[in-house]
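Within every chain, numbering begins at 1; the chains are lettered A, B, ... in the order of the sequence lines, protein sequences first and strands thereafter.
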Amino acid sequence: MPELPEVETVVRDLRTRILNKTIIKLDILLPRIVKSKSFKKLILGNKFIDIERIGKLIVVGIKRAATNGAHANENNDYLLIHLKMTGQLVYQKGNKIIAGGHSEGNVRVTLPNRWTRVIFTFSDKSKLYFNDLRTFGYLRIVNSKELEIVKGKFGIEPLGIELTLNLLKEKIKPRKTSIKALLLNQQVIAGLGNIYVDEILFRAKVRPTRIANSLKTKEIENIYKAIKPILRQAIKARGTTFNNFVDANGKTGNFVSKLKIYGRAGKKCKKCGSKIKKIKVAGRGTHFCVVCQK
DNA sequence: CCTTGTGTTCTCCG
DNA sequence: CCGGAGAACACAAG
């Protein structure tokens, strides 16, 4: 379940590997994953020149090879990749399959596997695999104008300087939905998902069911103060692997052991020892401590 | 049946 | 009846 820290981990890994190499081969094993018509034509023979993240969306800049008549830098295209719930981007170089299993572990995966949907091959023969079990993820190519429209749909970038206490107050105060639903809303704040929202609300001592407009200033402050540290720690740990996430090396994240509330239903609260509850909020499995969160 | 990210559709309310 | 907010559904597979 890739959220901001997992997507950021993948983006950082790929940045040192896939840029400025000609894409010499493209295998589309499951066409409906690819949402653009002339996908192959827009990829083959070209290079990726930069990679960034907006919320949970990966944006890869494409530089067109200079051909007769075409100006290479004119109206560049961008490859958008969304991993949704079970998407993976795994990079492989040389004969060794880097992907597969945790560093502690056990499982070795051979790529491509039955969940491989798209394969990019670069001029140095290295490969980038897009794997997706449930196939909700997608790859799409947009031009710079379309990219701006896409960007406009995203809310506050939680790790950017635009996240201020006042802005967060503005976003939370008028809303009549649960604070959990609000924090999950990508148009409000971009990149949080089920795991990190539960963690943030636990740290902030706020129950996920609370209606946003009922939050006291102090509680909004607590949420504000929780967001960056939790995301930064998770990135440092290379993300959380609950079911499916692997980084670009095919390795699982290490943040699971640091989760204080998510996935700990029935276990003792690490702060007060009482039994952690699990309910459904905004259609999502939601964990909280009755004692610590008000 | 359960799991979840997000785009779409439905429903409610003023 | 319209618009907006929020909730519910659809998607897919293990």
Original post:
In whole angstrom, what separates Tyr138(A)'s OH from dC11(C)'s C1'?
Top reply: 14 Å
Subject >> Least distance between heavy atoms, Gly285(A) atom then Asp198(A) atom >> reply: O-OD2, 3.9 Å
Subject >> Glu3(A) side-chain proximity, nearest of dT3(B), dG5(B), dG6(C) >> reply: dG5(B)
**OP:** May I have the distance from Asn185(A) (atom CG) to dA5(C) (atom C1'), rounded to whole angstrom?
**Re:** 11 Å
Subject >> Basic-acidic side-chain contact under 4.0 Å: Glu52(A), Arg15(A) >> reply: no
Original post:
Are any of Arg175(A)'s side-chain N or O atoms less than 4.0 Å away from OP1 or OP2 of dG6(C)?
Top reply: yes
Original post:
Between the side chains of Ser144(A) and Tyr78(A), is a donor N or O closer than 3.5 angstrom to an acceptor N or O?
Top reply: no
**OP:** Using whole Å, report how far CZ of Arg284(A) lies from C1' of dA10(C).
**Re:** 11 Å
Original post:
According to a strict under-4.0 Å criterion, is Lys280(A) in side-chain N/O contact with OP1 or OP2 of dT3(B)?
Top reply: yes
**OP:** Please determine if a side-chain N or O atom of Lys180(A) lies less than 4.0 Å away from the OP1 or OP2 oxygen of dA7(C).
**Re:** no
Original post:
Separation of Leu80(A) atom CG from dG7(B) atom P, in whole Å?
Top reply: 12 Å
**OP:** Measure from the side-chain N and O atoms of Thr286(A) to the backbone N and O of Arg284(A), and report whether any donor-acceptor pair falls under 3.5 Å.
**Re:** yes
**OP:** Return the nearest nucleotide to the side chain of Gln186(A); candidates are dG5(B), dA13(C), dT6(B).
**Re:** dT6(B)
Original post:
Is His82(A) near enough to dG5(B) that one of its side-chain N or O atoms lies under 4.0 angstrom from OP1 or OP2?
Top reply: no
Original post:
Any side-chain N or O of Lys84(A) less than 4.0 Å from the OP1 or OP2 oxygen of dC11(C)?
Top reply: no
Original post:
Is Gly137(A) touching bases, backbone alone, or none of the nucleic acid, heavy atoms closer than 4.0 Å?
Top reply: nothing
Original post:
Lys153(A) near the nucleic acid: base, sugar-phosphate alone, or nothing, with a heavy-atom cut-off under 4.0 Å?
Top reply: nothing
Subject >> N/O (side chain, Thr177(A)) to phosphate O (OP1/OP2, dA5(C)) under 4.0 Å >> reply: no
**OP:** May I have the distance from Asn213(A) (atom CG) to dA5(C) (atom P), rounded to whole angstrom?
**Re:** 14 Å
Subject >> Protein-nucleotide distance (Phe154(A), atom CZ; dG5(B), atom P), rounded to Å >> reply: 14 Å
Original post:
Nearest nucleotide by nearest heavy atom, which residue falls closer to the 5' end of DNA chain C, Ala181(A) or Arg32(A)?
Top reply: Ala181(A)
Original post:
Do Lys127(A) and Thr121(A) pass the side-chain hydrogen bond (donor to acceptor under 3.5 Å, both in side chains) test, and can you show the C-alpha distance, the side-chain angles, and the key distance before you say yes or no?
Top reply: CA-CA 5 Å; Lys127(A) 288 173 190 287; Thr121(A) 304; 3.0 Å; yes
**OP:** Check whether the aromatic ring of Phe136(A) stacks on the base of dT6(B), taking stacking as ring centres less than 5.5 Å apart and planes within 30° of each other.
**Re:** no
**OP:** Under 4.0 Å between any heavy atoms, over every strand shown, what does Lys35(A) touch: base, sugar-phosphate, or nothing? Just pick one.
**Re:** nothing
**OP:** Nearest whole angstrom, please: distance from the P of dC2(B) to the NZ of Lys278(A).
**Re:** 10 Å
Subject >> Euclidean distance, atom CG of residue Leu184(A) to atom P of dG6(C) [Å, nearest integer] >> reply: 14 Å
**OP:** First locate atom CD1 of Ile119(A), then atom CG of Leu26(A), and finally report the distance between them rounded to the nearest 0.5 Å.
**Re:** 9.0 Å
Original post:
Counting only side-chain N and O atoms of Arg114(A), is one of them less than 4.0 Å from OP1 or OP2 of dG14(C)?
Top reply: yes
